[in-house]
Amino acid sequence: MKRVFIIVALMFVFVAAAVAVEPSNIVVTVNGKSYFKHKVASGDTLYAIAKAYNVTEKQITDSNIGLSAETLRADSYILVPRSKNYKPANSDSDSEKDKYKAKSINTKKFIRYVVKRGDTIYSIARRYKISVSTLEDDNPEIEIDHISPGDTILVRRSERGYASSEDIERERELRESLKSVELSEGEHRVAVGETVYFLAQKYGLAEEEFMAINGLKNPSELKVGMVVRTKRSDSTEAKVGEEESTADDTAIIAEGEGIDHFGDGAHDIDVDITPVEVTFPPLSLHHTLKVALMLPFHMNGKVNPYFVDFYRGLLLAMEDLRAEGYDIELSVFDTCGDGSRINDIVSYEVGLQDAQLIIGPVYEGELRYVLGFAEENEVPLISPLADVGALQSPVLFQMQANSGLKGEKLSQLFDGSREMVTIYSSSMDYDYLGEMRALSNGATERQLNYLFDRGSYFYLRNADGSNGAEVDIVEFMRDKSPKAFVIASNNETEVDRILTTLASTKASVVGRGMTYGDYIVIGNRKWKQSRNIEKQSFFRNNTIFISPYYANRSDENIRIFDGRYVAAYDSLPTMYSYRGYDAAMIFCRKMFTGIDSTIHDESFTPLATTYRFGFDDGHYVNNNWIREHYKSDFTIVVD
């Protein structure tokens, strides 16, 4: 009876262990095979892990070099083959399975990007202007240099805009150069699933010794693709220093290399992905131009007023075009922001199949569904609002100003003569701050903290974000060195208070017969849409805005358009209304005059904003940014 009790007890222990294992929802693909990446918890056994994933122990050990029941160690990662019979606990429905398969993320902290055919980690990095090393840190379960369509990449929101294309290219060249280096005796290139513990055991080293040899401060610094040392050294510190010096030298070499902007996008593609320009011959003036407009009028069951405004502006353009003698037939489609719906429109709707000009869809993800049709039928496809990243096609025209050229409008402000003064507050717009830093061209930066109840006093910002020495903004203003203030708050009330403080301080300094140092404020475009920020502060602080669109309501063309819009729709137009008008006026006219390489020599100003198109990054793109300077004499200078 005692023996039976022991057997039953052991069975209970095994079952309990299997139940105690918490399965991972991280999925990786290695050499075409799919695995779960499982972090071993204290008390996990191979038997328990195998049972939890419905695989055999041998399948696990075969998937992990050197793994056995004896080498299994807590806090290490192992690969577990995905079984067709595996089903997560408490997940009977398809929706629950989908939930399990989806990568769970904090959407406030990360953007989820699903890898598409032709993507590389470098094209994704350039798209979001984020370093590859950051993407690698945030996606430890993915072999970053071998991503596959369908993989999910997490993009940290707070890091977007910090890396330029040149920075990313240098990263690529450095990583490629390190990969191409032949391994010497005593070196090992880290593969997926290999940990500090595993490598230390494999080469007969203590973990601490392995980390010291390779200059690792903690096990998480070990990355896939890294070349590590596997032999003891009489002078570990010297070797580590030697390795760091070599890496620095390699970085310097890579920095001087030329840049191939399309070189990294051609992996696994059998055709040349760099498109060539095409021409669209002019239509006869007696021809009826068929235009398809694709907009997400409804999003999540609600009407989107911005795209209604866009449509209304476009309708006013149609009135003007018909008055000029053009015959135009317009078909309008509500995409609802839904890819399957767009597919159906492209496949079955006559109004789109017969279209000779397509305006929309709005978002780059939606454009993908229409681009193939547009290319096959040689129909110009107009992206009115998206800053297109990865898509390349000679039929694609981007009206949004090219983000890569924005810095040219700010370059003279950051030519080394101005100090960048960043003002932090309790609520931050890190996207805007990152954008400014990326455009600052390495200008000297001083950081201040703003507190509402301190009047004209700010604080120097310490490295950890805390308050340092108190700064009297009056004395700060009297410093003669030219400054460019970047107010990085995303709270409109705080922005207004900071602008008011700067302007009042300047007035106080002048009122006391003192002089102040030349300064400007680089404005955030969001401020112009705010009802809580006093617009006079823009003039009083010599504020400069860099915008993709300019529409001063005192402009004669805008004033006339506004009057027509109010009469027709009983509401004031928005920037979307102006862009809708511009889209129709530019491209409907061009269909009757023809589109060829001469478009590079043309500029278009339907209302107030000028567009100049170049063939950049594999598609036509507007290369014109607007700089608005609100001067202290209450005039606006537009460049």
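These numbers come from the heavy atoms of this one structure, side chains and all, not from hydrogens, waters or symmetry mates.
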Test Ser427 against Ser489 for side-chain hydrogen bond (donor to acceptor under 3.5 Å, both in side chains), laying out the working first.
-> CA-CA 6 Å; Ser427 181; Ser489 174; 5.5 Å; no
Would Tyr369 and Asp344 count as a side-chain hydrogen bond (donor to acceptor under 3.5 Å, both in side chains) if you check the C-alpha gap in whole Å, the side-chain angles of each, and the deciding distance to 0.1 Å?
-> CA-CA 10 Å; Tyr369 294 95; Asp344 288 342; over 6 Å; no
Output, in order, the C-alpha distance, side-chain angles, deciding distance and verdict of ring-ring contact (aromatic ring centres under 6.0 Å, His included) for Tyr620 and Phe397.
-> CA-CA 5 Å; Tyr620 288 94; Phe397 294 78; 4.4 Å; yes
Applying side chain to side chain contact (heavy atoms under 4.5 Å, CB included), run through Val379 and Val395 and close with a yes or a no.
-> CA-CA 7 Å; Val379 176; Val395 304; over 6 Å; no
Apply side chain to side chain contact (heavy atoms under 4.5 Å, CB included) to the pair Leu330 and Leu315, showing each step before the final yes or no.
-> CA-CA 9 Å; Leu330 178 66; Leu315 288 179; 4.0 Å; yes
Report the C-alpha separation of Tyr326 and Leu289 in whole Å, then their side-chain angles, then the decisive distance to 0.1 Å, and conclude whether the side chain to side chain contact (heavy atoms under 4.5 Å, CB included) test is met.
-> CA-CA 8 Å; Tyr326 297 111; Leu289 172 63; over 6 Å; no
Take Asn622 and Gln400 through the test side-chain hydrogen bond (donor to acceptor under 3.5 Å, both in side chains) and record every step on the way to the result.
-> CA-CA 6 Å; Asn622 172 28; Gln400 186 73 350; over 6 Å; no
Report the C-alpha distance between Leu357 and Phe280 in whole Å, list the side-chain angles of each, state the deciding distance to 0.1 Å, and finish with yes or no for side chain to side chain contact (heavy atoms under 4.5 Å, CB included).
-> CA-CA 11 Å; Leu357 173 68; Phe280 302 93; over 6 Å; no
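No side-chain heavy atom of Pro149 sits under 4.5 Å from any side-chain heavy atom of Asp119. Cys588 places a side-chain heavy atom less than 4.5 Å from the side chain of Val291. Residues Asn623 and Val621 are in side-chain contact: their nearest non-hydrogen atoms beyond the backbone lie under 4.5 Å apart.
Within a 6.0 Å sphere centred on CZ of Phe604, other residues, nucleotides and ligands contribute more than 12 heavy atoms. No more than 12 heavy atoms of other residues, nucleotides or ligands sit less than 6.0 Å from atom CG of Asp570. Tyr306 OH: 12 or fewer foreign heavy atoms inside a 6.0 Å radius.
Residues passing the side-chain hydrogen bond (donor to acceptor under 3.5 Å, both in side chains) test with Tyr611, sequence neighbours excluded: Arg579, Asp582. The side-chain contact (heavy atoms from CB on, under 4.5 Å) check on Val566 picks up Leu572, with sequence neighbours excluded. With sequence neighbours excluded, no residue forms a side-chain hydrogen bond (donor to acceptor under 3.5 Å, both in side chains) with Ser284.
Here the CG atom belonging to Leu135 is positioned 11.5 Å from the OH atom belonging to Tyr113, to the nearest 0.5 angstrom. Distance check: Arg341 CZ to Glu349 CD gives 8.5 Å after rounding to the nearest 0.5 Å. Once rounded to the nearest 0.5 Å, the distance linking CD1 of Ile130 with CG of Asp138 reads 6.5 Å. Taken from CD1 in Ile358 to CE in Met294, the straight-line distance is 7.0 Å, to the nearest 0.5 Å. In this structure, Ile124 CD1 and Ile111 CD1 are separated by 12.0 Å, a value rounded to the nearest 0.5 Å. The CH2 atom of Trp527 sits 11.5 Å away from atom NZ of Lys535, with the distance rounded to the nearest 0.5 Å.
Ile168 and Tyr122 get closest at one heavy-atom pair: CG2-O, 4.0 Å. Listed here is the closest heavy atom pair of Arg559 and Glu556: NH2-OE2, 2.7 Å. Residues Leu371 and Gln392 share a closest heavy-atom pair of CD2-O, 4.4 Å. The shortest non-hydrogen separation linking Ser331 to Gly351 is OG-CA, 3.7 Å. Summarising the geometry of Pro573 relative to Asp562, their closest heavy-atom pair is CG-OD1, 3.0 Å, with the distance given to 0.1 Å. In plain terms, the two heavy atoms of Ser603 and Thr610 that are nearest each other are CB-CG2, 3.8 Å.
Evaluated for a ring-ring contact (aromatic ring centres under 6.0 Å, His included) with Tyr581, the options Tyr576, Phe561, Phe587, Tyr565 yield exactly one hit, Phe561. A side-chain hydrogen bond (donor to acceptor under 3.5 Å, both in side chains) with Gln356 is found for one member of Glu378, Glu329, His287 and no other, namely His287. Shown are Phe307, Phe333, Tyr311; of these, the ring-ring contact (aromatic ring centres under 6.0 Å, His included) with Phe297 is made only by Tyr311.
Under the 4.0 Å criterion applied to side-chain N and carboxylate O atoms, Asp429 and Lys526 are assigned as salt-bridge partners.
Between the side chain of His298 and the backbone N or O of Asp334 there is no donor-acceptor pair closer than 3.5 Å. For Gln398 (side chain) and Val388 (main-chain N/O), a donor-acceptor pair under 3.5 Å exists by modelled atom type.
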